[in-house]
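Just below is one structure, and these are the notes that go with it.
Counting starts at 1 for both ligands and their atoms, in listed order.
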Amino acid sequence: MEAIIPNLEELEHLRQTTRRFMRDEVRPAEDKVQHDAYELPQELLNPLKQKAKEIGLWALRSPAEYGGQGMGLEASAVFAEEASRCKMGAYIPACGATGSNPPAPILLGTKEQIERFAIPAIADGAKVFMAISESSGGSDPARSIRTRAVLKGDHYVLNGSKLWISGAQSAKWGLVFARTGDQGDRGGITCFIIDGKPKGLALREVPVIRSFPTYELTFDNVEVPVENRLGGEGQGFALCERLLVEARVPYAAGCIGIAQEALEIAIDWARDRRAFGSTLSEKQSIQWMIADSDMELRAARLLTQDAARKCDAGLPFKVEASIAKVVATETAGRVVDRCLQILGGMGVAKEMPLERWYRELRIKRIGEGPSEVHRMVLARQLFRGTA
Ligand SMILES: Cc1cc2nc3c(=O)[nH]c(=O)nc-3n(C[C@H](O)[C@H](O)[C@H](O)COP(=O)(O)OP(=O)(O)OC[C@H]3O[C@@H](n4cnc5c(N)ncnc54)[C@H](O)[C@@H]3O)c2cc1C
């Protein structure tokens with residue numbers, strides 16, 4: 001599965017096409033729903049999906065033979081940055097929302113799993129969930145996964161629970177990582193595809209700081225057919241790591257996109273707003289906030305691009321992806337905080353998107369691995385001399 005690696009001109013074309021699509025099509029649709037909504041009704045969503053397919057923005061990273069665009073990680077990062085420049089950001093399934101990665105069965109699945117799960121998900125942009133974290137801890141899943149899967153004849157029986165699972169309610173299927181053996185911390189984890197809502201699976205909404213909810217999934221003797229095991233027993237941790245490391249790059253880019261949009265809103269505001277006899281843009285303290293934000297976003301963008309390019313070139317990029325994730329999420333949080341300050345009362349008003357982005361960006365330093373864990377990964381490599 002060779003990815004298409006666009007040249008600089010093609011990447012710029014992708015950037016401009018995505019930017020126009022967001023500005024001219026997606027944002028007007030978002031304005032028709034309430035401020036905190038995280039999905040669009042079908043009558044608004046379907047025309048957007050159609051348009052995204054027509055202009056080549058559909059399922060960017062999925063292979064062309066399965067209905068995607070077959071592009072590499074740098075293209076995905078460019079797309080994620082521009083696609084996040086709207087109120088709902090990455091939650092909008094307008095461009096094939098199986099996440100920024102191709103659906104996992106494409107990486108490790110059988111022909112039948114690809115046909116049953118991946119191709120339909122690419123075709124209609126179906127949401128899928130990925131359940132790794134548990135109440136025993138999400139930072140260190142190799143040690144904290146307690147959900148067990150026991151083989152009984154032609155099916156596995158799953159018992160346990162998962163916590164903080166995004167999009168579980170509306171997903172057509174999802175991945176669950178469970179322990180099948182005691183082959184050390186990592187080796188005993190296996191991945192299963194959960195199709196719909198099988199008997200014994202209960203969902204409980206767990207609201208968080210953002211409007212898009214998370215769920216607790218409880219498995220009470222849930223039977224999963226053997227053919228829904230993704231990869232072999234014990235291969236789950238490696239798959240999980242591969243999916244997470246790649247996802248960190250567009251995740252970082254998405255945060256940069258939100259902060260870039262906030263910065264442009266703040267610049268426009270500061271140009272016009274007057275206080276103490278001059279515009280805000282003439283005050284040095286405001287100028288410095290704007291200039292610092294721009295410099296920090298450029299640096300975060302370059303680090304994200306560096307991780308993406310290494311991946312596309314087939315080089316190791318795990319550390320680079322961690323660095324991009326930490327720098328981009330922390331920078332974006334700081335930038336949106338400054339922009340909110342520049343807008344004063346309007347910064348925290350529900351009629352502007354800044355307060356929503358401020359809340360959502362706070363999660364980004366915890367999800368996909370807390371900042372401290374990525375720093376630990378980098379520090380370990382620096383001490384070993386392998387970074
Ligand atoms: C809104 C939201 C959506 C999510 N969506 C999903 C999802 O779809 N699927 C999924 O599987 N999970 C999901 N998660 C879970 C997320 O991945 C975990 O919250 C995250 O991995 C941290 O795990 P934890 O919350 O159990 O915190 P813990 O693992 O208990 O860590 C708590 C804190 O301890 C500190 N810490 C941990 N390890 C170290 C270390 N080595 N050194 C120093 N400090 C450390 C960090 O500050 C960390 O924030 C989501 C979480 C949130 C908040």
Let me check something: any side-chain donor-acceptor pairs from residues 194-208 under 3.5 Å, sequence neighbours excluded? List them with distances.
| from | atom 1 | to | atom 2 | distance (Å) |
| --- | --- | --- | --- | --- |
| Asp195 | OD2 | Arg116 | NH2 | 3.0 |
| Lys197 | NZ | Gln169 | O | 3.3 |
| Arg204 | NE | Glu216 | OE1 | 2.9 |
| Arg204 | NH2 | Glu216 | OE1 | 3.2 |

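Of all protein heavy atoms, the one lying nearest to atom 51 (C) of ligand 1 is Trp164 CB, 3.7 Å. Closest to atom 44 (N) of ligand 1, if we only count protein heavy atoms, is Glu372 CB, 3.4 Å. Scanning the protein for heavy atoms near atom 24 (P) of ligand 1, the closest one is Gly138 N, 3.6 Å. Among all non-hydrogen protein atoms, the one lying nearest atom 9 (N) of ligand 1 is Met130 O, 2.8 Å. The protein non-hydrogen atom at the shortest distance from atom 52 (C) of ligand 1 is Ile363 CG2, 4.2 Å. Annotation: atom 39 (C) of ligand 1 to nearest protein heavy atom, Val373 CG2, 3.9 Å. The protein non-hydrogen atom at the shortest distance from atom 34 (O) of ligand 1 is Ser139 OG, 4.9 Å. For atom 20 (C) of ligand 1, the nearest protein heavy atom (residue, atom name, distance) is Ile366 O, 3.6 Å.
Distances from ligand 1 to the non-hydrogen atoms of Arg365 include no value under 4.0 Å.
In terms of heavy atoms, Ala142 sits closest to Arg186 at CB-CG, 3.8 Å.
The shortest side-chain heavy-atom distance between Arg271 and Thr279 does not fall under the 4.5 Å cut-off. Contact of the Leu14 side chain with the Val78 side chain is registered, since non-hydrogen atoms from C-beta on lie closer than 4.5 Å.
When each of Lys87, Lys350, Glu355 is paired with His35, the side chain to side chain donor-acceptor pair (under 3.5 Å) condition holds for Glu355 and for no other.
We find that Glu320 and Arg309 are not joined by a salt bridge, their nearest charged nitrogen and carboxylate oxygen being 4.0 Å or further apart.
Residue Lys51 places its NZ atom among 12 or fewer non-hydrogen atoms of other residues, nucleotides or ligands, all under 6.0 Å distant. Around the CD atom of Gln341, the shell of radius 6.0 Å holds no more than 12 heavy atoms that belong to other residues, nucleotides or ligands. Atom CD of Glu54 sits in a crowded spot, with more than 12 heavy atoms from other residues, nucleotides or ligands closer than 6.0 Å. At most 12 heavy atoms of other shown residues, nucleotides or ligands fall within 6.0 angstrom of atom OH in Tyr358. More than 12 heavy-atom neighbours from other residues, nucleotides or ligands sit within 6.0 angstrom of CH2 on Trp269.
Only the side chain of Pro370 comes within 4.0 Å of ligand 1, judged by heavy-atom distances. Both the backbone and the side chain of Ile132 come within contact range of ligand 1, each with a heavy atom under 4.0 Å.
The distance from ligand 1 to the heavy atoms of Thr214 drops below 4.0 Å at these ligand atoms: 1 (C), 2 (C), 3 (C). Annotation for ligand 1: atoms under 4.0 Å from non-hydrogen atoms of Arg210 are 1 (C), 3 (C). Taking every non-hydrogen atom of Ile165 and a distance limit under 4.0 Å, the qualifying atoms of ligand 1 come out as 7 (C), 8 (O), 9 (N), 10 (C), 11 (O).
For atom 36 (N) of ligand 1, no protein heavy-atom neighbour is found at a distance under 4.0 Å. Distance remark: protein heavy atom not present below 4.0 angstrom from atom 32 (C) of ligand 1. For atom 7 (C) of ligand 1, the nearest protein heavy atom is under 4.0 Å away.
Remark: ligand 1 and Ser166 share an N or O pair separated by less than 3.5 Å (distance only, no angle test).
A cation-pi arrangement is found for Lys364 relative to Tyr251, the charged atom lying closer than 6.0 Å to the ring centre and inside a 45° cone about the ring normal.
For the residues Pro207, Ala131, Gly137, Ser133, the heavy atom positioned nearest atom 17 (O) of ligand 1 is part of Ser133.
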